[in-house]
Amino acid sequence: PPLGPTDKTMSEEQAAWRTEGSEYLGRAIVRVVVETQEASTGEVIGWLNKHESDFRDERGKKAALWRVRYHSGELAGDEEDLEEHEVLESLVAAKEASKKKAGSGSGSGSVVAQEKKEKAGKLEK
């Protein structure tokens with residue numbers, strides 16, 4: 001069947017993501033969904049440098065993005081675009097997940113634990 005407008009846009013968008021040139025490509029990540037505290041695992045599958053990306057960070061500066069595809073957990077089958085600090089946090093979480101059972105939400109690298117610390121004003125730097 002012919003591609004619809006949405007399908008064409010998605011395939012063109014996928015083609016624009018780089019699959020070489022970043023140390024994070026192919027790396028496993030773990031993200032914890034805050035609402036459910038369920039861990040989802042995935043892999044970094046592409047990236048855009050700050051000149052290719054139209055994303056701006058919280059300070060309004062152009063920023064690179066990394067695309068992640070989730071393989072398991074609540075986010076299985078989904079893709080998400082992450083900033084570098086989110087990729088780094090997720091890589092740390094991936095290391096901790098191999099030591100602890102996924103879904104505990106208690107690892108210092110988990111999204112849930114970090115957000116709890118931020119809310120309590122006790123974020124360690």
A.B. asks: Would you give the length of the straight line joining atom CH2 of W66 to atom CG of L25, rounded to the nearest 0.5 angstrom?
C.D. replies: 9.5 Å

A.B. asks: Residues two or more places apart in sequence or in another chain: which of them pass side chain to side chain donor-acceptor pair (under 3.5 Å) with E84?
C.D. replies: Y24

A.B. asks: Using the test side-chain contact (heavy atoms from CB on, under 4.5 Å), find all partners of T36 that sit at least two apart in sequence or belong to another chain.
C.D. replies: V33, E38, E74

A.B. asks: Minimum heavy-atom separation for W17 and L65, please, with both atom names.
C.D. replies: CZ3-O, 3.6 Å

A.B. asks: Name the one of R31, R27, E80 that satisfies side chain to side chain donor-acceptor pair (under 3.5 Å) with S90?
C.D. replies: R31

A.B. asks: If you count heavy atoms of other groups shown closer than 6.0 angstrom to NZ of K50, is the number above 12?
C.D. replies: no

A.B. asks: Of all the heavy-atom pairs spanning H51 and K62, show the shortest one and how long it is.
C.D. replies: O-NZ, 3.9 Å

A.B. asks: Yes or no on side-chain contact (heavy atoms from CB on, under 4.5 Å) for H71 and E43, after CA distance, side-chain angles and deciding distance?
C.D. replies: CA-CA 8 Å; H71 303 294; E43 176 183 357; 3.5 Å; yes

A.B. asks: Please give me the minimum heavy-atom distance between W47 and G21, naming the atom from each residue.
C.D. replies: CZ2-O, 3.4 Å

A.B. asks: When rounded to the nearest 0.5 angstrom, what distance separates CG in L82 from CD1 in I29?
C.D. replies: 6.0 Å

A.B. asks: For E52, what residues pass the side-chain contact (heavy atoms from CB on, under 4.5 Å) criterion, not counting sequence neighbours?
C.D. replies: R18, L48, N49

A.B. asks: Tell me whether E86 contacts the main-chain N or O of E83 through its side chain, where contact means a donor paired with an acceptor under 3.5 Å.
C.D. replies: yes

A.B. asks: For the residue pair I45 and V68, establish whether any side-chain heavy-atom pair is separated by less than 4.5 Å.
C.D. replies: no

A.B. asks: Testing the basics here: between S53 and A63, what is the closest heavy-atom pair and its distance to 0.1 Å?
C.D. replies: OG-O, 3.1 Å

A.B. asks: If the threshold is 4.0 Å, N to carboxylate O, is there a salt bridge linking E79 and R67?
C.D. replies: yes

